[in-house]
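A short write-up of the structure that comes next.
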Amino acid sequence: MEHRGLDASGYFEREGSLGRVQREFKGVVAAARARTAEAYGRRLHSAYLYGSVPRGTARPGRSDLDLLLVLHHEPSDEDRDTAEVLARGLDEDFPEVDGVGILLQDKDAVLSEAERFDLGWFLACLCTPLLGADLAEHLPRYRPDSLLARETNGDLAELLPRWRTRVREGSTPEEYRTLSRIISRRLVRTAFTLVMPRWGGWTSDLGESAEIFGMYYPERAAQVEAAAAVALDPVADPQVLRGYVEDLGPWLADEYTARHGTKTARPG
């Protein structure tokens with residue numbers, strides 16, 4: 001299998017670009033740029049797209065639009081309310097996207113030493129500049145090594161108790177579909193980064209991620225491939241979710257810790 005995502009020296013190449021945005025999504029991207037600038041004004045340092053839209057793999061009416069907004073200061077309750085209104089408006093006005101997600105961060109956090117191999121890597125390698133000065137210029141280059149694996153997805157064990165509670169308390173098909181999308185995506189990405197240093201490459205494609213994982217753990221390959229399918233087409237079956245939080249998730253967390261260790265605790 002061809003190794004993607006790295007340059008000739010073995011460093012990550014930034015995935016996605018505005019030039020890859022498909023014709024169907026150019027309108028919502030333009031609106032996101034204009035509305036973000038208007039909503040945040042001078043509070044905004046920079047804005048970025050990430051996910052399938054800047055990669056050029058989005059599915060009209062099926063894919064969501066993902067934005068990272070970096071502010072000059074730590075986000076306030078007002079900033080979060082603004083993000084919620086912005087996301088809701090874009091989602092309602094553009095049926096070509098199925099939901100809009102907005103992450104809020106502040107400049108100091110993105111550039112901090114604690115986030116160098118998590119949030120910093122995410123911005124520098126997986127985010128496409130949309131507005132403002134690109135903070136990637138202040139971040140190092142990255143390789144697909146064990147340190148990066150640990151700091152990006154080495155916290156799965158901490159997530160499992162919360163997921164179990166949400167699965168147990170879920171009651172509607174929509175709640176279960178939302179959970180199945182969130183949990184399956186995270187499990188597949190964690191499964192891929194578990195083997196990423198051995199494979200020596202990068203991909204954000206969930207199907208390919210599952211396939212690569214299966215090369216190293218064939219006994220779990222079918223489970224992760226099934227999770228990749230659910231990530232693209234969420235299900236409302238609580239039994240599927242229980243399998244994630246009681247079997248695949250705990251096994252993956254234990255194997256991850258044994259191979260890469262646990263994610264460094266963040267201040268506070």
Side-chain angles (χ1 to χ4, degrees), residues 1-16 50-51 55 68 103 105 109-127 135-136 138-163 182-225 227-228 231 244-245 247-268:
M1 183 180 296
E2 180 185 359
H3 291 200
R4 301 189 305 170
L6 306 180
D7 63 18
S9 299
Y11 291 104
F12 276 82
E13 291 183 321
R14 199 173 206 171
E15 68 172 22
Y50 67 95
R55 291 199 302 268
L68 168 65
L103 294 179
Q105 291 291 342
V110 172
L111 297 180
S112 68
E113 187 65 30
E115 293 292 343
R116 182 63 49 86
F117 291 92
D118 189 7
L119 182 57
W121 163 79
F122 171 68
L123 183 147
C125 298
L126 304 188
C127 290
L135 285 175
H138 304 285
L139 293 163
R141 304 188 73 192
Y142 297 87
R143 295 182 184 274
D145 56 19
S146 185
L147 171 61
L148 184 63
R150 185 186 77 210
E151 294 304 307
T152 53
N153 287 306
D155 57 349
L156 181 59
E158 296 180 13
L159 295 174
L160 287 171
R162 280 177 275 168
W163 286 351
I182 293 170
I183 297 175
S184 60
R185 280 186 176 187
R186 182 58 184 270
L187 290 180
V188 175
R189 297 196 188 286
T190 301
F192 170 70
T193 52
L194 171 64
V195 303
M196 173 185 68
R198 283 183 279 176
W199 186 64
W202 174 259
T203 179
S204 285
D205 183 278
L206 294 174
E208 186 176 29
S209 296
E211 183 180 353
I212 293 165
F213 167 83
M215 294 164 54
Y216 299 89
Y217 294 93
E219 71 280 9
R220 292 278 179 171
Q223 285 180 293
V224 175
E225 289 171 4
Y244 289 159
V245 299
D247 179 31
L248 179 59
W251 173 85
L252 189 54
D254 289 345
E255 185 67 15
Y256 212 96
T257 299
R259 184 162 288 273
H260 300 301
T262 58
K263 187 173 184 175
T264 304
R266 300 302 191 254

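Of all the heavy atoms in Leu206 and Ala231, the pair that sits closest is CD1-CB, 3.5 Å. In terms of heavy atoms, Ala221 sits closest to Gly214 at CB-CA, 3.7 Å. For Ser146 against Pro197, the heavy-atom pair with the smallest separation is N-CG, 3.8 Å. Here the shortest heavy-atom pairing between Ala227 and Ser184 reads O-CB, 3.3 Å. Gly10 approaches Pro144 most closely through the heavy-atom pair O-CD, 3.7 Å.
Atom CG of Asp118 sits about 11.5 Å away from atom CG of Leu123, to the nearest 0.5 Å. We find the CG-CG distance between Leu68 and Leu119 to be 6.5 Å, quoted to the nearest 0.5 Å. Taken to the nearest 0.5 Å, the OG1 atom of Thr262 stands 12.0 Å off from the CG atom of Leu156. Going from atom CD of Glu13 over to atom CD of Glu15 covers 11.0 Å, rounded to the nearest 0.5 Å. How far CG of Leu194 is from CD of Glu255: 6.0 Å, rounded to the nearest 0.5 Å. Separation of atoms CD1 (Ile212) and OG1 (Thr193) is listed at 11.5 Å; rounding is to 0.5 Å.
Considering only residues two or more places apart in sequence or on other chains, Tyr256 meets the ring-ring contact (aromatic ring centres under 6.0 Å, His included) condition with His260. For Arg143, the side-chain hydrogen bond (donor to acceptor under 3.5 Å, both in side chains) partners are Tyr11, not counting sequence neighbours. Not a single salt bridge (charged side-chain N to carboxylate O under 4.0 Å, His left out) links Glu219 to another residue, sequence neighbours left out. Qualifying salt bridge (charged side-chain N to carboxylate O under 4.0 Å, His left out) partners for Glu225, counting only residues two or more places apart in sequence or in other chains: none. For Arg189, there are no salt bridge (charged side-chain N to carboxylate O under 4.0 Å, His left out) partners, not counting sequence neighbours. Shown here are the ring-ring contact (aromatic ring centres under 6.0 Å, His included) partners of Tyr217, two or more places apart in sequence or in another chain: Phe213, Trp251. Residues forming a side-chain hydrogen bond (donor to acceptor under 3.5 Å, both in side chains) with Thr152 (at least two apart in sequence, or on another chain): none. Taking Ser209 as the reference, Val188, Phe192, Thr203 meet the side-chain contact (heavy atoms from CB on, under 4.5 Å) condition, with sequence neighbours excluded. When the salt bridge (charged side-chain N to carboxylate O under 4.0 Å, His left out) test is applied to Arg259, no partner is found at least two apart in sequence or on another chain. With sequence neighbours excluded, the residues that form a side-chain contact (heavy atoms from CB on, under 4.5 Å) with Leu147 are Phe117, Asp145, Arg150, Glu151. For Asp247, the side-chain contact (heavy atoms from CB on, under 4.5 Å) partners at least two apart in sequence or on another chain are Arg220, Gln223. Partners of Cys125 by side-chain contact (heavy atoms from CB on, under 4.5 Å), not counting sequence neighbours, listed by chain and number: Phe12, Trp121, Tyr142.
Salt-bridge formation is detected for the pair Asp7/Arg141: a Lys NZ or Arg NE/NH1/NH2 atom is positioned less than 4.0 Å from an Asp or Glu carboxylate oxygen.
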side-chain contact (heavy atoms from CB on, under 4.5 Å) evaluation trace for Leu139 with Arg116: CA-CA 8 Å; Leu139 293 163; Arg116 182 63 49 86; 4.0 Å; yes
Derivation and outcome, side-chain contact (heavy atoms from CB on, under 4.5 Å), residues Lys263 and Glu158: CA-CA 10 Å; Lys263 187 173 184 175; Glu158 296 180 13; 5.8 Å; no
side-chain contact (heavy atoms from CB on, under 4.5 Å) between Leu187 and Val224, worked out: CA-CA 8 Å; Leu187 290 180; Val224 175; over 6 Å; no
Evaluation steps, side-chain contact (heavy atoms from CB on, under 4.5 Å), between Val195 and Met215: CA-CA 9 Å; Val195 303; Met215 294 164 54; over 6 Å; no
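Remark: side-chain polar atoms of Arg4 are not paired, donor with acceptor, to backbone N or O of Gly201 under 3.5 angstrom.
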